[in-house]
Amino acid sequence: MATSSVPWTEELVEAAGIKLHIIKGGTGQPLLLLHDEMGHPGWLRYHAALAQHYTLYIPLHPGCGQSNRLDWMMNVRDLAFWYLDALDALGLVRVPVIGGSLGGWLAAEMAAMCPQQFKRLVLVGAMGVRPPVGDIFDMFLVVSREYLRASFTDSAGTAEAQQLYGSDPTPEQTEAWESVHELASLLGWRPYMHDPALPHVLRRVRKLPTLIVWGRQDAIVPLSAGEAYHRAIPGSRLVVLDHCGHRPEIEQADEFVRVVHEFLQD
Amino acid sequence: MLIGHFTEQPWQDNTTGLMGTQSLDLSISNGMYDPQVGAQLYNRYLDEKIYADQIGFDALMLNEHYSTPFCMQGVTNVGASILARETKQAKIIILGNILPIWNDPLWLAEQLAMIDIISYGRLVSGFVRGGGRESVSHNAPPHFNRERFEEAHDFIIKAWTTPGPFRWEGKHYHYRYVNPWARPLQQPHPPIWIPSTVSVETVQWTARHR
């Protein structure tokens, strides 16, 4: 995987009634990335690799970074409705989307509501569906450090994980995590990080080419949830990565980029 | 000057060594709970409160916490209800009910009204926001803790003071028919205390509601 640095920019844009903080970088067709419950961690190797082929759009969810809050938002469906309007405002129509974990749940909700908004859907260790076997790890009973430790099958052996999370968090990191955890709590406090109705509405996604990527050792959202997504979305493809936890984009970055790029090119 | 009798009602059990000092640990299983010990301790703490009333304390103060040997009383209204009937003159001060964990504050309003009536108007109704373990134990959404606290407070005051039936369409609470038969004895309603130790915002909110 090439790792040459690709310039990225950030801006505040008016979108669907609020100011939205958005990270942009790369060349080529737009590719939307929806961040997870730990927020946008910065420009990583997989961003740089994908940015060689696509222009990445990484919005910071309402309440995160400098994005305004949505005071009326009560659940993930509210956020999904708002985001569809925001994507229209950004001109992101028929755009491929990648959502990881909490961002995957959001992507799945939006895709079920409005499949025609997207060109392709990539779900990575997505929350949102109750795992038939096991439970989604409770992030609110542990400190962030412990959550991150559980997010990797081998964080010590993953250089990028060490760079990001290996030492004590900086004040900026802690603040960013607080914001995104508040959002995560709002969206997923109960039922914990899933919506019992979601598997039943996911049938609408069947016309949208869908790739589901999961770490075999995912200790945050068990693989059984990935299999449930796969069953709920007719025609979807499930790729399970070995020696990989909840963050395939970091822990198996090369393989992740290869699989995703291949799917997006298909 | 008001002199009240207060204890956290700690669990005290020589067999397990749990003596009520463990206040934060979420990993203590209630598999260690011995109901026989619980029966003795609950009755002992009630006897102490009744004695405090007899010897002239101004107030009997109660609180609640969850899932911890630090405080045995998980439902303060149970203790307050018994004292409403079994004591004669002291104020019964609840410090307090944890509003954000109540999904049905109408039920709370009526319980408190009954305690006030049965005690012939001796209730002081404290309201608190609760701590992390309270949100976890009752799975109350922490991001709405303050909004739920404020809305439940406003709702309970209205339920106590405004003749029903009326409707309540709030953000977190919704009732199409509010008309609790029991209304508090004290008028316009029992005194409300807001115990607060760490939140500047709560102190400011309380000052605005004096």
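For the numbers below, each heavy atom of this structure counts, side chains included, while hydrogens, waters and symmetry mates do not. Just so we're on the same page: letters track the sequence lines, and every chain starts at 1. Remember, it's a predicted structure, so these values are computed and weren't measured experimentally.
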Check: every donor-acceptor pair under 3.5 Å linking chain B and chain A:
unit_1	atom_1	unit_2	atom_2	d
B:Asn103	OD1	A:Arg190	NH2	3.4
B:Asn139	O	A:Trp189	NE1	3.2
B:Asn139	O	A:Arg190	NH1	2.8
B:Asn139	OD1	A:Trp189	NE1	2.9
B:Ala140	O	A:Trp189	NE1	3.3
B:His143	ND1	A:Ser185	O	3.4
B:His143	ND1	A:Ser185	OG	2.4
B:His143	ND1	A:Leu186	N	3.4
B:Lys171	NZ	A:Asp71	O	3.3

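Enclosure of atom CZ in A:Phe81 is not indicated, since only 12 or fewer non-hydrogen atoms of other residues, nucleotides or ligands lie within 6.0 angstrom. Counting non-hydrogen atoms of neighbouring residues, nucleotides and ligands closer than 6.0 angstrom, the CE atom of B:Met114 reaches no more than 12 such neighbours. Within 6.0 Å of the CD atom in B:Gln36, the count of heavy atoms belonging to other residues, nucleotides or ligands does not exceed 12. No more than 12 heavy atoms of other residues, nucleotides or ligands lie within 6.0 Å of CD1 in B:Ile3, so this atom counts as exposed by the packing criterion. Heavy-atom contacts from other residues, nucleotides or ligands closer than 6.0 Å to CG of B:Asn43 number more than 12.
A:Leu183 does not touch chain B: none of its heavy atoms, backbone or side chain, sits under 4.5 Å away.
Residue B:Phe144 comes nearest to A:Met73 through the heavy atom pair CZ-O, 4.1 Å, listed as atom of the first residue, atom of the second, then distance.
Listed by chain and number, the residues in a side-chain hydrogen bond (donor to acceptor under 3.5 Å, both in side chains) with B:Gln9 amount to none (sequence neighbours excluded).
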